[in-house]
Each structure stands twice: as C-alpha cells, then as structure tokens.
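A quick write-up on the structure given underneath.
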Protein chains: 2
Amino acid sequence: MERRVTLQDVAERAGTSRTTAHYVLTGRDREMRIGEDTRRRVLRAANELRYRPDLMARGLRTQVTRTIALIADAVASEAYAGDLVAGALAATAARGYLLFVCETGEDAELEEALVEELLARHVDAFLYATYFTRDVVVPAALRDQRVALLNCRAPGLPSVVPDEVGAGRTAAEALLSAGYRDGIWLVGEPAPHVVASVERLRGIEEALTAAGVRAAGTVPCAWWPESAFERFGALLDDGQEPAAVICANDRVAMGVYQALAVRGRRVPDDLAVVSFDDSDLAVWLHPALTSVALPHRELAAIAVDLLLGEGGPPPGEHRVPMPLRRRESVAVRG
Amino acid sequence: MERRVTLQDVAERAGTSRTTAHYVLTGRDREMRIGEDTRRRVLRAANELRYRPDLMARGLRTQVTRTIALIADAVASEAYAGDLVAGALAATAARGYLLFVCETGEDAELEEALVEELLARHVDAFLYATYFTRDVVVPAALRDQRVALLNCRAPGLPSVVPDEVGAGRTAAEALLSAGYRDGIWLVGEPAPHVVASVERLRGIEEALTAAGVRAAGTVPCAWWPESAFERFGALLDDGQEPAAVICANDRVAMGVYQALAVRGRRVPDDLAVVSFDDSDLAVWLHPALTSVALPHRELAAIAVDLLLGEGGPPPGEHRVPMPLRRRESVAVRG
DNA sequence: ATGAAAGCGCTAACAC
DNA sequence: GTGTTAGCGCTTTCAT
C-alpha cells in the first residue's frame with residue numbers, strides 16, 4: 001500500500017503550487033482566472049496520479065464532512081425498519097452524503113454517547129428514527145443540531161410521519177365503496193399509546209360516520225397472527241356473521257385468513273378483508289390482501305430532503321399519505 | 001453553537017502543556033511518569049469543559065478512524081438483509097467502531113466509486129455483504145484492503161457463509177428421526193446457480209442416502225407462496241399422497257400450508273413440513289413451522305470478529321452452522 | 001494569475 | 001516529568 005497521493009504531488013507534477021492545483025481541482029478556476037494550460041496540466045497530473053482528495057483532511061479544515069447519522073431504535077425488527085434504513089440510504093446517497101447507521105435499542109445513555117461520538121466526527125446532520133410511529137424525547141445534545149425525526153415526533157422538532165388518520169379513512173372507504181355497510185368488524189385491540197392504533201381508529205370512525213354506518217364490533221386480539229387466529233375464530237364459532245373486517249395490520253389479517261381457512265370460509269366471497277402496512281405478507285397471503293401501505297422509503301426520502309434542504313428542515317410535523325394497495329381480498333358487493 | 005473545546009483549552013485550564021494533557025487523557029500517563037496532581041488537574045479540567053477529542057483531527061494524524069464500511073448489494077430486500085445489517089452494527093458497536101452503511105444494487109461502477117469515497121474517508125476495514133449467499137467479484141480497490149465477505153464468497157478472500165449442506169442434512173434428519181421414510185417430497189425448484197439450493201439439496205441427499213431412503217419426488221415451483229400453492233396443490237389433486245415435505249424456504253412452506261388448508265388437510269397430522277430460513281413467517285404460520293435457521297446476525301458477528309481480530313481476517317471460507325428450530329409442523333410418526 | 005504561509009485539532013519524537 | 005515542535009493534507013487569506 002503506497003503512500004496516498006496528495007495535492008502537493010499533483011502540484012509538483014503539474015509544475016505549479018498547491019493553491020493553483022486546489023482551485024482547478026475544486027472547479028473554482030474561473031473565479032481565479034487561472035490559465036487554460038495550467039488548468040490542463042493540473043487536471044492531467046491529477047488524473048495520471050489518480051489523485052483523490054483526503055476527505056478527512058478536508059473535513060478538518062472546512063468542518064463539513066458530507067456525512068449524516070441515522071440513529072434508530074432498531075434497524076431490523078419486524079421487517080419494517082429495514083425499509084426506513086434503505087430509504088434513508090438511497091436518499092442520502094443521491095445527495096452525495098455517506099450515512100453512519102446506529103442502533104440504540106431505546107437506551108437513552110447509549111444514545112447520548114452515540115451523539116457525542118458522532119459530533120466528535122463532525123457529522124453534518126442527524127436523522128432520528130423509530131421503527132414504529134411514536135412520540136420520543138431526543139437526546140439533549142441533539143437539540144441544537146440539524147436534525148429531522150423520521151417516523152416519530154417531538155415537540156418543536158421537524159418530523160415526518162405517516163398519515164394514519166387518512167389511512168383509517170382509506171381503509172373504511174375501501175369497504176364502503178365496495179358496498180359494505182353492515183357487519184364491518186374491527187380486528188385488533190385498540191392500543192391507546194400507539195399512534196397507529198389511535199389514529200387509524202379515528203380515521204375509520206370518521207369515514208364510517210360520514211357514511212352513516214357503525215362498526216359491528218371489535219375483536220380485541222393482540223396484533224399477531226396467533227392471537228387473531230384464536231379470537232377471530234372464537235367470534236366465528238360464536239355464530240357471528242361478519243361481512244367484512246378491517247385488520248390492525250397484515251399479521252392480524254394473516255390470523256384472520258387462518259381462522260377462516262380452518263372453517264372452510266373464503267376470502268373475499270364470505271368475508272372482505274382490508275388491512276394496514278402492506279408488508280410482504282400482503283402479497284404472500286392467498287388471496288392477496290388489500291392493504292393501506294406504510295410508505296417507509298418515502299418517509300425516509302422526505303425526511304432526508306427536509307434535513308438537507310436549504311435552511312434546514314422546517315419545524316413541525318409532515319404527514320405522508322398512506323396509499324391503498326388494492327388486491328383480491330375485497331369483492332364488490334352485489 | 002460555541003467553539004469546540006480543544007486540547008489546548010484543557011491544558012490551559014489545567015495549567016500545563018498540550019502534551020501532558022494529551023498523555024493523561026489518553027491514559028498513557030503512567031508510561032510518562034506524570035505527577036499525580038497534574039493528572040488530577042487535567043482530568044478535572046477536561047471534565048469541567050466537557051472536552052471531547054476531535055476524532056477527525058485525530059484520524060488525520062493517526063490514519064486510523066475506528067470506522068468500518070458495510071457495502072451491501074441490498075439492505076432491506078426480502079426482510080433478510082436487515083438482520084445482516086443489524087448484526088454487523090451490533091458487533092462493530094461492541095468494539096467501539098462506527099459503521100458506514102452503503103447499498104450498491106449490484107452496480108459495479110457505483111461500488112468502485114463508493115470504495116474510493118470510503119477510502120478517502122480512511123475507513124479502517126470493509127465488510128462486503130450480499131443478501132443471499134453467492135459468489136462475487138469484489139471491486140479491485142478492495143483487494144489490498146482489510147476486508148471480510150459476509151454471506152458471499154470470492155477466491156482468496158476471507159468469507160463467512162452459512163453451512164447450507166449441513167442445513168440440508170439437518171432438515172432431512174428432522175424428518176427421518178421423526179419416523180418418516182417414504183413419501184418425502186421436496187418442494188421448490190432446484191436453482192443451479194443459487195448456492196443455497198445446490199447445497200441444501202446435497203445435504204438432503206446425503207442424509208437420505210445414509211438412511212437408505214429416496215425422496216419421492218420434487219415439486220418444481222418458484223420459491224414463493226403463490227407458486228408453491230399452485231404446484232403443490234396440483235400434486236395433491238393428482239392423487240399423490242405425500243407424507244412429508246422439505247420446502248426450499250419458509251415462503252414455499254406458506255404456499256404449501258395454503259394448498260393444504262383449501263383442501264381441508266392438516267399439518268402436521270396429514271403432512272409433516274420442514275423448511276429453511278426460520279424467518280418471521282415460521283412462527284406466524286399455523287401451526288408454527290419447523291425450520292432450519294439462517295443465522296444472519298451470527299454470520300455478521302463472526303465476520304466482524306474476523307475482520308477486526310488480531311492480524312486481520314484469516315483467508316478462506318468460514319461456515320456457520322444453521323440450527324434447527326423445532327416447532328409444530330412435524331409430528332412423530334407412530 | 002500564481003504562490004507563500006497560516007492553521008483546522010490532534011499526536012509523537014525529541015529536548016530539557 | 002513537562003514542554004517545544006513538526007507535521008497529517010487540506011483550504012484560504014493575502015501578497016505579488
């Protein structure tokens with residue numbers, strides 16, 4: 001591994017000074033009125049030597065590094081967080097930034113330490129992310145940094161979150177517009193501290209009420225297949241005749257499918273199903289599931305745009321629409 | 001945002017020189033025989049000023065940055081890659097390194113450019129990862145760097161991959177030891193260019209042959225639920241009576257479950273199912289699926305250990321065992 | 001138009 | 001035991 005080639009080397013080979021070489025290599029030669037052929041010599045020398053500026057040295061001098069930090073509570077849980085990371089990655093790369101990724105497991109001390117470390121490395125900005133939407137309190141050291149919250153919220157800080165109320169409306173309307181009015185059940189227990197739960201419910205109520213419809217009831221299962229399988233199965237065995245269900249998420253829908261399958265009932269003819277998240281499951285289920293998508297990549301892209309945009313991110317909450325992915329789990333009613 | 005506090009500031013407040021401050025703050029005061037009370041003063045000053053060394057400046061001087069780069073073809077696809085990233089993250093963090101994460105989408109030019117960029121930032125080492133196991137050709141610039149391949153292989157380079165042959169054996173033995181001999185079908189078409197396919201098949205053959213058993217046949221479906229649903233369903237409708245299946249992966253198993261459910265057949269009583277990957281699906285399926293796990297986090301942890309270990313990673317392939325996760329999809333035969 | 005020189009904050013050889 | 005000094009490679013002000 002030979003010594004790095006430095007600006008000095010380029011300047012020497014071009015028979016000029018570092019300053020001159022510097023200006024032509026950073027493309028500011030026009031403003032310095034550097035001679036066309038000096039310019040040529042520098043460019044050629046740089047090429048021949050395969051000169052690459054030392055970004056650490058540059059960073060030390062300029063105090064800007066073109067790096068940003070993503071601080072997330074989890075990067076892989078639930079198969080969701082991955083898309084957040086991927087989205088952030090793509091968006092930062094597109095702007096020529098490199099991304100430090102950190103995972104905190106919600107450990108506040110670790111968070112503080114990480115922020116210190118990242119500050120010591122002069123990252124230009126911070127993305128603070130959570131794998132499910134919630135309110136957070138960010139480390140104090142972050143408060144006077146350039147920061148955007150991704151999929152979470154804190155008073156006074158710029159944040160990007162999915163429009164869960166709209167999603168609730170969308171889900172209900174998918175059923176209403178297909179002709180369902182009576183026998184619409186909600187599956188998945190309400191969770192008062194989970195933003196997604198509260199807001200989806202609100203959206204659903206809104207849309208239903210606006211159509212003069214009331215939900216037939218709620219199946220209070222955990223947001224997992226097994227629990228949904230059992231509780232929704234029990235509902236069926238009770239002799240209830242749901243016409244349609246709105247599931248808390250795709251995993252719940254999976255449990256509903258299983259409960260139906262065991263009893264020989266069919267989606268969508270015996271029961272219409274809509275859900276939230278649009279995870280991989282939605283297309284794996286049979287028949288494929290109509291689901292309101294959580295646009296993780298887009299959330300991340302927007303957060304990065306805000307973060308790196310002129311003048312820094314405008315404070316306040318940015319709500320990103322959750323689009324409906326129509327598939328085969330809702331039949332139009334006669 | 002006030003000026004950073006520098007070593008100079010600490011030294012001044014402690015009434016000593018930068019050198020002295022430096023040695024005590026880096027814990028090398030013993031070797032320099034620095035006065036106990038000088039030591040105290042320096043420590044106190046640093047504390048009071050909340051001194052944090054500028055890691056960029058240090059890096060420029062020492063040429064080591066305690067950063068490493070993860071270059072992956074994909075960081076979120078298929079809900080697998082996330083665990084690779086999370087594993088690498090945890091392992092590097094545990095050693096006090098920060099991780100740059102990059103995604104290439106298999107674009108070779110982008111890869112070259114990224115490596116240049118990372119080199120310009122003086123990352124100490126590289127992790128080169130793929131989201132499914134395969135042979136790769138790494139960018140030329142990486143060849144003389146400290147590098148470990150994660151979930152992929154290239155001649156002459158250190159790599160960490162899952163032991164898929166062993167996994168094949170494990171899957172077959174799970175069935176054999178439960179008393180299955182006849183009517184064992186393989187579900188999922190062989191893919192000659194996919195390491196997992198070739199090696200799992202080899203392991204399965206080995207174990208079966210050793211027990212004097214032959215597979216009843218192969219259902220050549222794509223490795224997705226829908227395809228498995230159709231092709232395996234067709235097998236059932238053909239009047240075949242499989243006793244057990246080894247699925248190419250959990251998604252295929254999902255398709256098999258669906259085909260069974262529609263026909264009123266039960267797992268595990270009518271059919272035993274084993275699979276590979278042990279993804280989230282395995283526990284979501286009903287009944288829960290016995291699957292041979294792809295230990296992504298462990299692969300990553302081992303790769304990081306090799307990479308950062310004394311003397312750098314030993315070249316050659318490191319095979320990591322794939323453990324069987326026994327659940328309810330295999331019943332012991334009478 | 002080009003170059004000399006100072007300095008970003010840290011480390012380490014060397015002198016006292 | 002402690003301090004002086006010379007860089008790491010780059011950017012930028014200021015002379016020329």
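Below, chain A is the first sequence line, B the second, and so on; all start at residue 1.
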Mind calculating the distance between CD (B/Gln63) and C1' (C/dT11) to the nearest angstrom?
12 Å
Have a look at B/Arg28 and say if it touches a base, only the backbone sugar-phosphate, or nothing, with a 4.0 Å heavy-atom cut-off.
sugar-phosphate
Please confirm whether any donor atom in the side chain of B/Thr19 sits under 3.5 Å from an acceptor in the base of D/dT4, or the reverse.
yes
Between the side chain of B/Asp73 and the main-chain N/O of B/Tyr131, is any donor-acceptor distance below 3.5 Å?
yes
Between NE2 of B/His122 and P of D/dC10 the distance, given in whole Å, is 9 Å
Phosphate OP1/OP2 of D/dG3 contacted by B/Thr20 side-chain N/O (<4.0 Å)
yes
Rounded off to whole Å, could you give me the CZ-to-C1' distance for the A/Arg58 and C/dG9 pair?
19 Å
So B/Leu25 and B/Leu7, do their side chains get closer than 4.5 Å, heavy atoms only?
yes
Check the distance between D/dC14's C1' and A/His22's NE2 and give it to me in whole angstrom.
15 Å
A/Met56 atom CE is separated from C/dG9 atom P, nearest whole Å, by 16 Å
Taking atom types as they are modelled, would you say the side chain of B/Arg18 forms a donor-acceptor pair with the base of C/dT11 within the 3.5 Å cutoff?
yes
Assess, by modelled atom type and distance only, whether the side chains of B/Thr133 and B/Asn151 contain a donor and an acceptor separated by less than 3.5 Å.
yes
Would you indicate, yes or no, if C/dC10 has its OP1 or OP2 atom less than 4.0 angstrom from a side-chain nitrogen or oxygen of B/Tyr51?
yes
Is A/Ile34 touching bases, backbone alone, or none of the nucleic acid, heavy atoms closer than 4.0 Å?
sugar-phosphate
Roughly, in whole Å, what's the span from CD in B/Glu36 to C1' in D/dT2?
16 Å
d(CG, B/Leu55; P, C/dC8) in whole Å
18 Å
Of the options C/dC10, D/dT12, D/dC10, whose atoms approach the side-chain atoms of A/Asp54 most closely?
D/dC10
Please pick, from C/dG3, D/dT12, C/dG9, the nucleotide with the shortest atom-to-atom distance to any side-chain atom of A/Thr16.
C/dG3
Is it true that a side-chain atom of B/Arg143 and a backbone atom of B/Val138 form a donor plus acceptor pair closer than 3.5 Å?
no
Return whichever of A/Tyr23 or B/Gly35 has its heavy-atom-nearest nucleotide of DNA chain D closer to the 5' end.
B/Gly35
The side-chain contact (heavy atoms from CB on, under 4.5 Å) partner of A/Tyr97 among A/Thr65, A/Leu308, A/Thr67 is A/Leu308
Classify the nucleic acid contact of B/Thr6 as base, sugar-phosphate or nothing, counting any heavy atom under 4.0 Å across all strands shown.
sugar-phosphate
Could you tell me how far apart A/Leu60 (CG) and C/dT11 (P) are, to the nearest whole angstrom?
12 Å
OP1 or OP2 of C/dG3 less than 4.0 angstrom from a side-chain nitrogen or oxygen of A/Ser17, does that happen here?
yes
Contact class for B/Thr62 (heavy atom, under 4.0 Å): base, sugar-phosphate, or nothing?
sugar-phosphate
